[in-house]
Amino acid sequence: MKITNFIIFSLIITVLSCSKDNTVEIAEPSENPSKQSQIIRFMSETDNVSILVFNENNNDFYYQKTISPVWAADGSAYSTLALGNYKFLFLKSEGLNTIVQPDPLNSNSNFTDFHIAAKEDPDHPGYYLPVDEIWFPETTRMADSTYTIAGKDTIRNKLKRAVSQVVVNINRATSINLFVPAPFKNGKNITEYIREIQIEAIGVGDSIDIYGGKGNVSSLFSTDQADITADGFAVVNGPMLFPPTSGTQTQVRVTLVPTADSPFPEMKKTITGTLERNKQLEITLWLTITFKFAEVTIKNISFSDGDEGIWN
C-alpha cells in the first residue's frame, strides 16, 4: 500500500550535534595525551550513538563538544579530554522531526537546559508533528552522573527509548454481542473497506529531557498503510510521541475513513490512556461485520523488538 502521512518520516540515522565544527569522530587513540589530558574509552554494543560532552565551570556544566564515534568491532571508541569533571549525555536518534535545544549548542549551553523538542506541524496549526525514535540513558541517575577524569577510565551507559508509540489493531468480531473473531476469507482483509486511518493524540509532550516529558499538546497522524494478519485484520504502527508532563493522560481519537465504494460509514472512537517512556500504547478496536464497534481494549506493552540494552 502507498503510505500517506501528514508527516514524512525520514529513516536515516541522524547525529544530534550543534555544528560540524564541534563534532569529533574518533575510532581509536590518535595522539598521546599531555599531563593535562587523558584518553578516555567509551564502550558500546551498538553503533550510531553520539555523546554530548559537558565540562564543569564554576560549579556548573556547559556544552563542550559532541563525540560521534566510529565504533570499533569490540564496541569501543576513544576521545581525549582535559582533566576535570564532566557530564556525558548518550543519545541515539532516527529522523528529522525533532530539534535539539538550545539551538545552537555552544559553550554557554547549560546541561540542565538541554532538551529535545518536537516541531510544530506546518500543515495543521496548533498541532505538533509525531516525533523521532530517540534513546536516552536508562535512568536519570545515569544521565545526570558526574565523572571525574583524572586518569585512564572507561565510560559506560545503557540507553532506552525516551518515546512512546501508539499502535492500533483493527479486528472483526462476529457481532456486537458475540465477541468472537470473524476472520476474512479468500485473501480479503479489513483494509479493503477502509481508505485511511487517522490518529489524533490530545495530551502529548512537546519536548523531553533526562527527567521526562514536558508539555501537553496535540499531534496528528494519518496513513493508509497497515500490516495484515493471517485473519485479514489490520495492525497500524502509529506515531512516536513524547510522553506528556508526568501524570497527564492522553486522549487518542481514532477515525476510520471508509473507501469510496464501502457500504459502511466513517467511524470514530476516543480512548483515554497513558503514554509511557519505552512503551507502546496498544489500542484494539473490534468491529462487527457491519462495522459497528463491538469492543475496545487498551494496554501498555513493551516495544515488540524489545529493548536492546545498547550499553554495557
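All values reported here derive from a predicted model rather than from experimental measurement.
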Derivation of the side chain to side chain contact (heavy atoms under 4.5 Å, CB included) call for T248 and V204: CA-CA 8 Å; T248 302; V204 303; over 6 Å; no
Residues clustered with Y62, ILVMFWY side-chain links under 4.5 angstrom: none
F111: which residues meet the ring pair (Phe, Tyr, Trp, His ring centres under 6.0 Å) condition with it, sequence neighbours left out? F54
Hydrophobic cluster mates of V167, side-chain heavy atoms under 4.5 angstrom, ILVMFWY only, any path? V235
Who are the ring pair (Phe, Tyr, Trp, His ring centres under 6.0 Å) partners of Y127, not counting sequence neighbours? none
Using the test ring pair (Phe, Tyr, Trp, His ring centres under 6.0 Å), find all partners of Y147 that sit at least two apart in sequence or belong to another chain. F88
Please name the residue in the list I155, V53, T154, I67 that meets the side chain to side chain contact (heavy atoms under 4.5 Å, CB included) test with I40. I155
Sequence neighbours excluded - side-chain hydrogen bond (donor to acceptor under 3.5 Å, both in side chains) pairs with any residue from residues 172-186: none
Listed by chain and number, what are the side chain to side chain donor-acceptor pair (under 3.5 Å) partners of T255, not counting sequence neighbours? none
Set of residues satisfying side-chain contact (heavy atoms from CB on, under 4.5 Å) with respect to T284, sequence neighbours excluded: N169, N171, E282, W286, T297
List for me each residue that meets side chain to side chain donor-acceptor pair (under 3.5 Å) alongside T146, sequence neighbours excluded, and say none if there are none. K87
According to side-chain contact (heavy atoms from CB on, under 4.5 Å), who are the partners of R195, at least two apart in sequence or on a separate chain? V257, T259
What residues, two or more places apart in sequence or in another chain, satisfy side-chain contact (heavy atoms from CB on, under 4.5 Å) together with Q251? I202, R253, T270, T272
When rounded to the nearest 0.5 angstrom, what distance separates CG in L52 from OG in S109? 9.5 Å
F291: what forms a ring pair (Phe, Tyr, Trp, His ring centres under 6.0 Å) with it, not counting sequence neighbours? Y193, F264
